[in-house]
**Student:** 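Structure incoming, see below.
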Amino acid sequence: MFISIRNDSEEAGFEAGKKAASLIRQAIISKGNATIILATGSSQFETLNQLSGEQGIDWSKVSMFHLDEYIDLPVSHKAGFRKYLKERFIEKVGPLKSVNLINGEADPQEECQRLGRLISETTVDVALVGIGENGHLAFNDPPADFETENAYLVVKLDEQCRQQQVNEGWFDSMEEVPTHAISMSVKQIMLSKHIVATVPGIRKAKAVKNTLERPVSNNYPASILQNHPDCYLFLDKASASLLKER
Ligand code: GLP
């Protein structure tokens with residue numbers, strides 16, 4: 001794994017956005033199109049800001065898939081990931097080849113199957129991901145399902161994950177945070193040719209340490225990234241602060 005430790009979240013996101021842009025350009029040059037997966041959450045603010053402003057990417061050749069979404073949260077809710085991606089990425093880059101958002105208000109199993117069929121028709125070039133305070137990858141909270149072959153699954157959100165969303169101001173109380181979500185599976189994320197993870201902030205320090213210094217285990221879902229052949233992890237000094245000397 002390539003690990004970069006920058007001064008702060010702005011620098012980490014800048015580098016991550018630049019790396020993702022370069023991998024997308026390479027895919028378009030080599031095969032004429034690119035497929036990407038986008039994550040949401042506070043950790044992706046700077047990364048998506050940088051990526052959406054990059055020059056020299058023909059976005060009409062790029063297909064986009066969406067990592068995770070709450071079940072039964074109205075599309076207009078401030079915490080909704082569709083709203084987030086529309087405002088912070090889709091509307092900024094202009095028309096993409098295709099946009100495959102997760103409709104958390106549809107029948108969840110049918111939505112998982114619909115998106116699963118679509119993503120199975122393509123090879124994902126670049127996945128942008130974050131890591132939650134509880135070590136989750138997408139919404140695969142510990143202990144995560146490392147075995148399912150389904151590309152998307154319905155997951156129950158654990159207490160720490162839901163509390164993080166309140167602490168970050170996306171919801172006013174725990175009662176308001178949905179209990180379930182549709183998440184891309186761990187195996188599907190790992191099928192991506194390249195993974196760009198942006199994980200800034202002191203609140204992530206323990207999760208980063210577990211991701212890198214524990215043996216791979218579904219109790220630390222992001223530790224699976226150790227097994228990926230081309231993963232780039234962008235940290236800042238705060239999120240890297242518990243790591244052993246490297
Ligand atoms: C969040 C989102 C994911 C994101 C990850 C890290 O809960 N569901 O899309 O990659 O978990 O998010 P955050 O930046 O909020 O910690």
Side-chain angles (χ1 to χ4, degrees), residues 1-4 12-41 43-69 81-82 84-86 88-102 112 114-131 137-140 149-153 182-199 221-222 224-234:
M1 196 184 313
F2 169 87
I3 299 169
S4 167
F14 174 83
E15 293 296 331
K18 287 256 169 228
K19 185 71 209 177
S22 132
L23 294 167
I24 293 167
R25 283 191 205 97
Q26 278 173 32
I28 295 175
I29 289 168
S30 67
K31 63 189 172 86
N33 59 66
T35 299
I36 62 172
I37 295 170
L38 296 186
T40 52
S43 62
Q44 306 300 307
F45 286 164
E46 289 87 2
T47 304
L48 292 183
N49 186 42
Q50 183 60 37
L51 179 59
S52 61
E54 282 283 319
Q55 301 301 305
I57 298 177
D58 182 350
W59 291 107
S60 71
K61 297 192 161 92
V62 178
S63 301
M64 191 217 103
F65 283 85
H66 173 185
L67 197 63
D68 50 11
E69 180 61 288
F81 296 146
R82 284 168 289 172
Y84 176 116
L85 288 173
K86 280 181 192 153
R88 293 180 180 273
F89 187 78
I90 297 164
E91 286 165 5
K92 288 167 83 175
V93 300
L96 289 114
K97 184 171 178 221
S98 71
V99 171
N100 302 289
L101 294 172
I102 302 170
C112 288
R114 181 185 75 83
L115 290 161
R117 277 193 298 274
L118 287 170
I119 206 165
S120 73
E121 290 163 7
T122 184
T123 301
V124 176
D125 297 293
V126 189
L128 272 67
V129 300
I131 298 174
L137 204 52
F139 262 148
N140 299 289
E149 302 285 342
N150 297 335
Y152 290 84
L153 69 165
I182 294 175
S183 178
M184 190 174 287
S185 67
V186 171
K187 271 200 175 167
Q188 179 63 51
I189 295 168
M190 290 292 283
L191 285 176
S192 311
K193 279 197 221 161
H194 314 280
I195 296 181
V196 176
T198 316
V199 192
I224 193 93
L225 295 175
Q226 293 175 34
N227 290 345
H228 193 275
D230 200 44
C231 178
Y232 302 82
L233 177 60
F234 293 91

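Quick caveat: nothing in here was measured; it's all calculated off a predicted structure.
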**Student:** Answer yes or no: is there a side-chain heavy-atom contact under 4.5 Å between Val129 and Gln44?
**Tutor:**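 No, too far: nothing below the 4.5 Å cut-off.
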
**Student:** Between Phe81 and His66, what is the ring plane arrangement, given parallel below 30°, perpendicular above 60°, and tilted in between?
**Tutor:**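 Rings of Phe81 and His66: perpendicular, over 60°.
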
**Student:** What's the separation between atom CD in Gln188 and atom CG in Leu67, rounded to the nearest 0.5 Å?
**Tutor:**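 The CD atom of Gln188 sits 10.5 Å away from the CG atom of Leu67.
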
**Student:** How about Ile28 and Val62: do any of their side-chain heavy atoms sit closer than 4.5 Å?
**Tutor:**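 Answer yes - side chains close enough.
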
**Student:** My understanding is that only residues two or more places apart in sequence, or in another chain, count here; which of them pass ring pair (Phe, Tyr, Trp, His ring centres under 6.0 Å) with Phe14?
**Tutor:**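 In terms of ring pair (Phe, Tyr, Trp, His ring centres under 6.0 Å), with neighbours along the sequence ignored, Phe14 is linked to no residue.
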
**Student:** With the side chain counted from C-beta on, respond yes when Leu51 and Val93 share a heavy-atom pair under 4.5 Å apart, and no when they do not.
**Tutor:**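 No. Closest side-chain heavy atoms not under 4.5 Å.
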
**Student:** Are the side chains of Ile119 and Met184 in contact, using a 4.5 Å heavy-atom criterion?
**Tutor:**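 Side chain of Met184 against side chain of Ile119, heavy atoms only: contact under 4.5 Å found.
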
**Student:** Could you go step by step and tell me if Leu233 and Leu225 meet the side-chain contact (heavy atoms from CB on, under 4.5 Å) rule?
**Tutor:** CA-CA 9 Å; Leu233 177 60; Leu225 295 175; 5.5 Å; no

**Student:** Under a 3.5 Å distance rule, please check whether Tyr232 uses its side chain to pair with a backbone N or O of Ala16 as donor and acceptor.
**Tutor:**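 Side chain of Tyr232 to backbone of Ala16: no pair is present.
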
**Student:** Begin from the C-alpha positions of Phe234 and Thr47 and carry the test side-chain contact (heavy atoms from CB on, under 4.5 Å) through to its verdict.
**Tutor:** CA-CA 10 Å; Phe234 293 91; Thr47 304; over 6 Å; no

**Student:** Supply the atom-to-atom distance Glu46 CD to Thr198 OG1, rounded to the nearest 0.5 angstrom.
**Tutor:**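 Nearest 0.5 Å value for the CD-OG1 distance: 9.0 Å.
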
**Student:** Under a 4.5 Å cut-off applied to non-hydrogen side-chain atoms, are Lys18 and Gln50 in contact?
**Tutor:**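 Of all side-chain heavy-atom pairs linking Gln50 with Lys18, at least one is under 4.5 Å.
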
**Student:** Can you confirm whether Ile102 sits close enough to Arg82 that some side-chain heavy atom of one is under 4.5 Å from a side-chain heavy atom of the other?
**Tutor:**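 With C-beta onward as the side chain, the pair stays apart.
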
**Student:** Counting only heavy atoms not in Lys187 (residues, nucleotides, ligands), do more than 12 fall under 6.0 Å from its NZ?
**Tutor:**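 Enclosed.
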
**Student:** Hey, what do you get for CD1 (Ile24) to NZ (Lys61), rounding to the nearest 0.5 Å?
**Tutor:**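 With rounding to 0.5 Å, CD1 (Ile24) is 14.0 Å from NZ (Lys61).
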
**Student:** Measuring from Asp68:CG to Leu153:CG, what's the distance to the nearest 0.5 Å?
**Tutor:**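 Nearest 0.5 Å value for the CG-CG distance: 10.5 Å.
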
**Student:** As a quick check of understanding, evaluate side-chain contact (heavy atoms from CB on, under 4.5 Å) for Leu85 and Thr40, giving each step before the final call.
**Tutor:** CA-CA 7 Å; Leu85 288 173; Thr40 52; 3.7 Å; yes

**Student:** Rounded to the nearest 0.5 Å, what's the gap from CD1 on Ile36 to CG on Asn100? Could you check?
**Tutor:**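 Going from the CD1 atom of Ile36 to the CG atom of Asn100 covers 10.5 Å.
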
**Student:** In terms of relative ring orientation, are Trp59 and Phe89 parallel, tilted or perpendicular, with 30° and 60° separating the classes?
**Tutor:**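 Correct class here is perpendicular.
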
**Student:** Could you name each residue pair satisfying side chain to side chain donor-acceptor pair (under 3.5 Å) that touches residues 119-128, not counting sequence neighbours?
**Tutor:**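 Only Lys31-Asp125, Thr35-Thr122, Asp125-Lys193 qualify under side chain to side chain donor-acceptor pair (under 3.5 Å).
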
**Student:** Between CD1 of Ile3 and SG of Cys231, what distance do you get to the nearest 0.5 Å?
**Tutor:**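 The SG atom of Cys231 is 8.5 Å from CD1 of Ile3, to the nearest 0.5 Å.
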
